[in-house]
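Convention: sequence-line order gives letters A, B, ...; per-chain numbering from 1.
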Amino acid sequence: MRRSVSMSLTDRLTQGVQSALVAAGLPPAPDCAWEVPRQAEHGDYATNVAMTHAKTARRAPRQIADAIVKHFPPLDAVARLEIAGPGFLNVFLSPAWVAASLREVLAAGAEYGRGADLAGQRVRLEFVSANPTGPLVIVNARAAAIGDAMARMLRARGARVTTEYYINDAGNQFEALARSFEARIRQAVGEAVPFPDNGYPGEYLIDLAGEYVREHGLDGAAALQAHLDQWTKEGGASATERLGRWAVARMVEGQRRVLADYGVTFDVWSSEQHDVRDRGLADKILDELNTRGLTYEQDGALWFRATEAGEDVSDDKDRVLRRSAGGPTYFAVDIAYHHYVKFAGADRLINLLGPDHHGYVARIRAAMQALGHPPEAFEVLIVQLVTLLRDGQPVRMSKRRGEFVLMEELLEEVGRDAARFTFLTRRHDSPLEFDLAVATRQSSDNPVYYVQYAHARIRSIARQMAEQGIDVPAWDAIDLGALTEPEEQALIKRLLDYPEVVRGAARAREPHRIAFWLQELAGAFHPYYKAHRVIQDDRRLMLARFALCTAVGRVIANGLELLGVSAPETM
RNA sequence: GCGCCUGUAGCUCAGUUGGAUAGAGCAUCGGACUUCUAAUCCGAGGGUCGCAGGUUCAACUCCUGCCAGGCGCACCA
């Protein structure tokens with residue numbers, strides 16, 4: 001980021017306030033927050049510093065405000081200061097400064113909105129991580145949209161982000177899948193075997209079994225038995241496990257493909273089996289925890305003192321690490337994975353989990369803190385459920401019972417951009433009601449098109465000007481002083497807020513702020529476009545407006561990029 | 001029973017670490033295309049911010065209690 005914009009306007013205003021306070025013989029304020037007032041008559045920026053500072057400065061708010069106004073240093077950005085209400089300080093920007101500041105947006109281009117406030121942070125961001133026991137469903141699409149936007153946002157502010165998909169390809173769920181898959185294969189070749197209890201009854205397993213039988217040329221029960229016997233002779237993993245591995249590989253491949261179609265790719269795909277269990281990390285972490293005195297034996301099992309570990313969390317009960325029957329629990333494996341693998345390459349972990357895991361958060365956080373990781377180094381964000389409706393009727397989603405709506409189907413019906421944008425106009429921790437019928441019916445008036453359309457219109461102006469052979473000089477050579485309309489001033493001021501919006505969204509882990517802000521920007525642009533023509537005889541005005549529109553288009557494209565949504569040239 | 005999330009317009013949701021008269025989209029109603037894309041624009045109606053207290057100059061926002069919905073409380077993952 002260029003030095004001229006590295007210090008934001010509000011920073012400069014704060015500096016002005018502080019120097020004014022000192023010049024007036026008052027103590028500097030510990031904090032000075034700026035907001036954009038809802039109403040234009042309250043100025044472009046406002047601060048309540050005179051009120052919050054009243055106690056420490058031991059003066060009446062209005063007295064402090066008076067002093068600030070009297071001693072405020074001259075800034076070319078500031079046209080005037082006003083005191084209002086109980087002691088608000090309202091700042092009115094100079095129109096000439098506003099118009100000229102457009103140059104910074106244009107000069108920064110695709111870089112505009114990026115910054116370095118998270119520079120040096122190595123973040124490992126895990127999301128989706130659905131069980132490899134079935135295809136991805138709608139809630140996975142929500143997590144994917146949020147996680148991917150989160151990664152883009154954090155990178156834009158300087159963090160080094162590694163995105164990760166963790167595959168739970170071990171334990172009871174894997175075994176249930178393997179047994180279910182074997183049963184489906186046997187049924188596919190005509191054997192009358194019962195389907196296992198606690199299996200995965202979804203139709204996708206029947207399809208997958210059919211594929212397996214076809215690809216291996218198993219044209220009957222005898223051929224299947226020969227196929228399996230060969231493995232038995234070889235020794236090693238059981239036939240059931242081998243079938244399960246095949247099913248998992250196919251399932252993960254399918255998940256990866258759907259996510260790629262959605263525009264979401266991961267830097268790392270890690271496997272519970274290969275990257276943790278096979279490397280003996282589970283045993284290693286038990287030793288580590290033992291050494292630290294964080295465990296005890298009881299009833300033949302090894303327990304973690306979850307109720308005592310942790311600085312800012314405490315679990316409500318201790319947790320088993322090694323079962324009395326032997327073997328580590330998922331929890332033990334997970335501690336090992338976080339500690340040895342994830343923290344090896346990052347100083348900050350962010351996990352997006354579903355609400356069904358929130359009871360798990362306290363124990364894993366406690367474990368991380370017990371292993372010496374500071375509380376803020378390990379963040380868990382709960383992405384709330386998507387309650388699926390079809391014409392107002394709830395649709396239960398359960399992979400176990402085989403009832404769900406696939407992420408693939410969502411993308412076909414609603415489309416990638418609309419789906420992503422819909423998920424990104426909600427807070428991640430807010431439950432979302434998603435009516436498929438309504439979403440399909442309304443997919444053509446999804447708010448995403450409102451934003452994209454603004455971009456397409458702007459690109460269209462550029463095409464028109466090129467077609468008409470209008471010569472556009474470098475931005476620096478254009479006289480922006482022509483931008484005096486209130487709508488033009490308002491648009492530029494919005495653009496100036498953008499870097500701060502991205503910064504705040506990244507810091508709060510809230511990509512939805514960007515989506516809402518883009519809607520507001522488009523909402524300011526469309527009326528302007530309708531009311532004022534760009535291409536016209538007054539060349540000075542035309543070029544200035546073209547510069548403004550180009551900047552708006554640029555920022556829309558930048559913002560949509562952070563959300564993983566396309567910015568079309570035409571619509 | 002305990003814990004977490006949520007409760008804001010008819011519906012779906014925002015509300016920027018306490019600010020000034022609580023917003024948007026959809027839906028409803030009334031208008032606007034000879035003009036850079038009408039996937040647009042202009043206007044109207046629509047609210048006890050779940051309820052009740054408390055904190056203070058100021059509460060949708062913070063605290064307490066209650067009500068309602070969702071989720072979780074395994075030697076499953």
Regarding the side chain of A:Asn172, the nearest nucleotide among B:C13, B:A77, B:G72 is B:A77

Proximity to the side chain of A:Asn131 - top-ranked nucleotide from B:A77, B:C75, B:A39 = B:A77

Would you say the side chain of A:Thr329 and the base of B:C75 hold a donor-acceptor pair, judged only by whether the two atoms sit under 3.5 Å apart?
-> no

Measure the acute angle between the ring planes of A:Tyr528 and A:His532, then classify it against the limits of 30° and 60° as parallel, tilted or perpendicular.
-> tilted

Any idea which of B:A77, B:C5, B:G72 is nearest the A:His357 side chain?
-> B:A77

Under the salt bridge (Lys or Arg N to Asp or Glu O under 4.0 Å) rule, collect the residues that match up with A:Arg533, sequence neighbours excluded.
-> none

What integer number of Å spans the P atoms of B:U56 and B:G50?
-> 23 Å

Consider the side chain of A:Lys317, meaning its heavy atoms from C-beta on, and name the nucleotide among B:A38, B:A74, B:A77 that approaches it most closely.
-> B:A74

Quickly work out the A:Ile458 CD1 to B:U40 P distance and round it to whole Å.
-> 15 Å

For atom CG of A:Asn90 and atom C1' of B:G19, their distance in whole Å = 11 Å

So what does A:Phe331 hit on the nucleic acid, given a heavy-atom distance under 4.0 Å: a base, only sugar-phosphate, or nothing?
-> nothing

State whether A:Phe181 and A:Arg245 meet the cation-pi test: NZ (Lys) or CZ (Arg) under 6.0 Å from the six-membered ring centroid, and within 45° of the perpendicular axis.
-> no

Under the side chain to side chain contact (heavy atoms under 4.5 Å, CB included) test, which residues partner A:Ile350, sequence neighbours left out?
-> A:Val123, A:Leu125, A:Leu154, A:Leu352, A:Glu379, A:Leu381, A:Arg509

CD of A:Glu35 versus C1' of B:A22: gap in Å, rounded?
-> 13 Å

To the nearest angstrom, how far is A:Asp44 atom CG from B:U16 atom P?
-> 20 Å

Of the listed nucleotides B:C75, B:C13, B:U40, the one nearest the side chain of A:Tyr453 | B:U40

Could you check whether A:Glu175 gets within reach of a base, just the sugar-phosphate, or nothing at all, counting any heavy atom under 4.0 Å?
-> nothing

Applying side chain to side chain contact (heavy atoms under 4.5 Å, CB included) to A:Glu308 and not counting sequence neighbours gives A:Arg305

Does A:Phe516 stack onto the base of B:A24, taking stacking as ring centres under 5.5 Å apart and planes under 30° apart?
-> no

In A:Arg545, A:Lys493, A:Arg494, the residue satisfying salt bridge (Lys or Arg N to Asp or Glu O under 4.0 Å) with A:Glu488 is A:Arg545

Extract from the structure each pairing of a protein N or O with an N or O of nucleotides 32-36 of chain B at less than 3.5 Å, listing the distance.
from, atom 1, to, atom 2, distance (Å)
B:U35, O2', A:Arg533, NH1, 2.6
B:C36, O4', A:Arg533, NH2, 3.3
B:C36, O2, A:Ile535, N, 3.1
B:C36, N3, A:Val534, N, 3.0
B:C36, N4, A:Tyr529, O, 2.6
B:C36, N4, A:His532, O, 2.7

For A:His339, which residues count as a ring pair (Phe, Tyr, Trp, His ring centres under 6.0 Å) partner, sequence neighbours excluded?
-> A:His373

Qualifying residues under ring pair (Phe, Tyr, Trp, His ring centres under 6.0 Å), relative to A:Phe525, sequence neighbours excluded = A:Tyr529

List for me each residue that meets ring pair (Phe, Tyr, Trp, His ring centres under 6.0 Å) alongside A:His526, sequence neighbours excluded, and say none if there are none.
-> A:Tyr450, A:Tyr453

Can you name the residues that form a ring pair (Phe, Tyr, Trp, His ring centres under 6.0 Å) with A:Trp517, not counting sequence neighbours?
-> A:Tyr498

The side chain to side chain contact (heavy atoms under 4.5 Å, CB included) partners of A:Ala336 (sequence neighbours excluded) come to A:Val276, A:Leu281, A:Ile285, A:Tyr340

Hey, does A:Thr422 reach any base, or is it just sugar-phosphate, or nothing, if we go heavy atoms under 4.0 Å?
-> nothing

Atom pairs under 3.5 Å, N or O on each side, protein against nucleotides 55-59 of chain B: can you list them with distances?
none

Would you indicate which nucleotide in B:C13, B:C71, B:C41 comes nearest to any side-chain atom of A:Leu432?
-> B:C13

For atom C1', what is the distance between B:A52 and B:A44, given to the nearest Å?
-> 36 Å

Atom CG of A:Asp287 with >12 non-hydrogen neighbours under 6.0 angstrom | yes

Nucleotide-level pairing of RNA chain B, given in dot-bracket where Watson-Crick and G-U pairs need both distances under 3.5 Å and | marks other strands = (((((((..((((.....[...)))).(((((.......))))).....(((((..]....))))))))))))....

Short side-chain N/O contact to B:C41 OP1/OP2 from A:Tyr450, under 4.0 Å | yes

Can you tell me if the side-chain N/O atoms of A:His358 get under 4.0 Å from OP1 or OP2 in B:C73?
-> no

Give a yes/no on whether any side-chain N or O of A:Tyr330 is located under 4.0 angstrom from OP1 or OP2 of B:A77.
-> no

Send over the distance from A:His526 NE2 to B:A39 P, rounded to a whole Å.
-> 10 Å

A:Tyr449 side chain, from C-beta outward: closest of B:A39, B:U16, B:A20 = B:A39

Separation of A:Arg322 atom CZ from B:C75 atom C1', in whole Å?
-> 11 Å

May I have the distance from A:Leu521 (atom CG) to B:U16 (atom C1'), rounded to whole angstrom?
-> 17 Å

Partners passing side chain to side chain contact (heavy atoms under 4.5 Å, CB included) against A:Glu500 (at least two apart in sequence or in another chain) = A:Arg503

Whole Å only: how far is the NE2 atom of A:His455 from the C1' atom of B:A39?
-> 15 Å

